[in-house]
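Read through the structure below, which is laid out as structure tokens, and then see the notes.
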Amino acid sequence: MALYKLTLLKDGSVGGVFSDELRKAIPKDSYNADWIDYLEWVAEGNTPEPADSAGA
Amino acid sequence: MSRNHAIARMMGRTASENTTHAKLTFGGGGIKFKNLLMNGNMNVAQRLALEQNGLGASTYTGITGTTYIIDRWRFAAAMDGACTLTRSTDAPAGEGFPASFKVDVTTVDTSLANGQLAHIQTGIEGRDLQHLAYGTASAKTLTCSFWVKSNKTGTYCFAIAKGDQTRMHFIKEYTINSANTWEKKTILIEPSSIIKASGGEIDNDVGLGFRVIWVLFDGADRDNGVEGWQADAAGLLTSTSNQVNLFDNTANEFYLTGCQLEIGDTATDFDFVPTDVETTRCKRYYQRYNRNANFSGMGLAVPWSTTNGNIPWHMEVQPRTNPSIEYGHLSHFDYFGVTGAGSGGVPTGFSNAGWAGGTNIDIGFTGSGFSAARAMLVEFDNTTTNLPAFFAFNAEL
């Protein structure tokens with residue numbers, strides 16, 4: 001299980017990531033320190049889990 | 001009438017008295033908000049027990065990585081060692097500081113590899129540093145003063161990292177002379193030619209302007225710096241080779257408080273900010289909501305599918321930027337339909353479902369059995385495990 005899972009907004013676009021291990025929901029925001037950490041994690045070659053289906 | 005005379009008349013003093021005794025002394029204590037470091041007396045600690053009506057801990061044990069315990073102040077670490085962090089009531093006598101940031105070594109790290117470090121750090125937003133006029137010939141001199149205590153005497157380093165434009169760092173050694181004795185240290189931070197030149201600017205935005213650092217140890221790739229401002233030509237350096245290793249013995253501990261960074265070449269009296277004001281300022285970076293009773297409601301949620309819903313939430317203070325949502329444990333929450341539609345359960349995840357400035361935010365949550373557009377109630381469960389039960393908005397630098 002990856003450290004992060006993508007999260008979706010209501011319009012179906014990726015809004016950020018969720019990590020139950022870190023107990024955090026992180027928005028896609030270039031000034032957010034957790035998002036910066038997430039991008040560094042991706043740059044190290046890691047891949048987040050895909051988002052769950054948005055449901056009907 | 002000169003400004004000094006006008007101020008003196010307001011204060012019931014002569015102009016010369018006003019100039020001699022204090023500059024703009026409103027209610028005592030000197031000029032307010034002169035301290036560029038928030039919560040420098042370690043007063044506000046939303047994450048700790050004293051702010052939580054008995055919930056939570058006042059001490060964090062087994063810390064091996066970066067951790068906040070006191071608002072705006074963090075222990076930053078990448079190490080093989082471990083420590084206990086405490087908001088300690090041990091503070092220099094007669095100075096009025098309510099607490100100190102204590103690091104107590106519990107596992108040593110005597111083989112300091114590249115990339116390893118242990119620091120006490122705080123951050124300053126770029127918007128709050130524009131008056132330093134960095135990147136111009138008018139760049140201001142700064143003075144940092146602080147109180148420190150440790151059983152381990154010797155040479156320590158204070159550092160500032162500037163990440164905007166040309167990346168630069170400032171290093172200055174200081175000495176803890178007497179074991180287990182509170183000592184006041186003063187660091188002069190003069191703007192060098194590279195700070196005054198193009199590239200010395202600090203971006204006028206909500207990003208990190210300064211990272212201010214008290215080094216406890218540094219790995220080999222960080223501890224070969226020299227004093228003063230230097231460009232990050234060989235990466236970010238935060239100490240000199242004289243820096244001690246606090247983590248070389250489990251008997252070691254380090255205390256810090258009374259931290260003040262101000263414009264000028266002299267350390268002045270500490271700027272005590274009222275608790276309500278300091279708390280509000282800190283909430284720009286972190287605001288926390290604790291469970292106040294079993295089954296206390298968080299609010300009504302609006303499902304927009306069978307598995308997703310949003311909780312409209314009004315924060316107390318506009319955050320610095322789009323915040324992360326933090327929580328203690330998913331089992332601390334539950335949801336159920338309030339209109340006879342939809343089943344109940346425990347959320348399987350949270351998300352930041354929307355923020356566009358201001359104090360309103362949508363907290364997204366996922367689960368199952370939702371009925372779109374049928375209101376649900378989300379509440380804190382009556383959990384007694386994995387305490388403390390809370391959620392928080394984190395926009396720390």
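Letters A, B, ... are given to chains in the order of the sequence lines, protein chains preceding strands, and every chain is numbered from 1. Because the structure is a prediction, the values reported are computed rather than measured.
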Derivation and outcome, side chain to side chain contact (heavy atoms under 4.5 Å, CB included), residues Leu9(A) and Trp304(B): CA-CA 10 Å; Leu9(A) 297 176; Trp304(B) 51 268; over 6 Å; no
Audit row: Asp52(A), Thr366(B), side chain to side chain donor-acceptor pair (under 3.5 Å) steps and yes/no: CA-CA 9 Å; Asp52(A) 292 331; Thr366(B) 54; 5.2 Å; no
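Side-chain contact check for Asp29(A) and Thr321(B): at least one donor-acceptor pair (N or O, by modelled atom type) lies under 3.5 Å. Side-chain contact annotation: Tyr31(A) with Asn322(B), donor-acceptor N/O pair under 3.5 Å absent.
In terms of heavy atoms, Arg320(B) sits closest to Ala33(A) at NH2-N, 4.3 Å. Considering every non-hydrogen atom in both Phe350(B) and Ala25(A), the closest pair reads O-CB, 3.4 Å. Here the closest heavy-atom approach between residue Phe18(A) and residue Leu330(B) is recorded as CZ-CD1, 4.3 Å.
Salt-bridge check for Lys24(A) with Glu326(B): passed, with a basic side-chain N closer than 4.0 Å to an acidic carboxylate O.
The residue among Val17(A), Asp34(A), Asn32(A), Leu22(A) with the most heavy atom pairs within less than 4.5 Å of chain B is Asn32(A). Interface summary for chain A: among Asn394(B), Ile363(B), Thr306(B), the most heavy-atom pairs under 4.5 angstrom belong to Thr306(B).
Only the backbone of Ser19(A) comes within contact range of chain B, with at least one heavy atom under 4.5 Å from a heavy atom of that chain. With a threshold of 4.5 angstrom between heavy atoms, Pro323(B) approaches chain A through N, CA, C or O but not through any side-chain atom. Residue Ser368(B): no heavy atom, backbone or side chain, is found under 4.5 Å from chain A.
Atom CD1 of Ile325(B) is separated from atom CZ of Arg23(A) by 15.5 Å, given to the nearest 0.5 angstrom.
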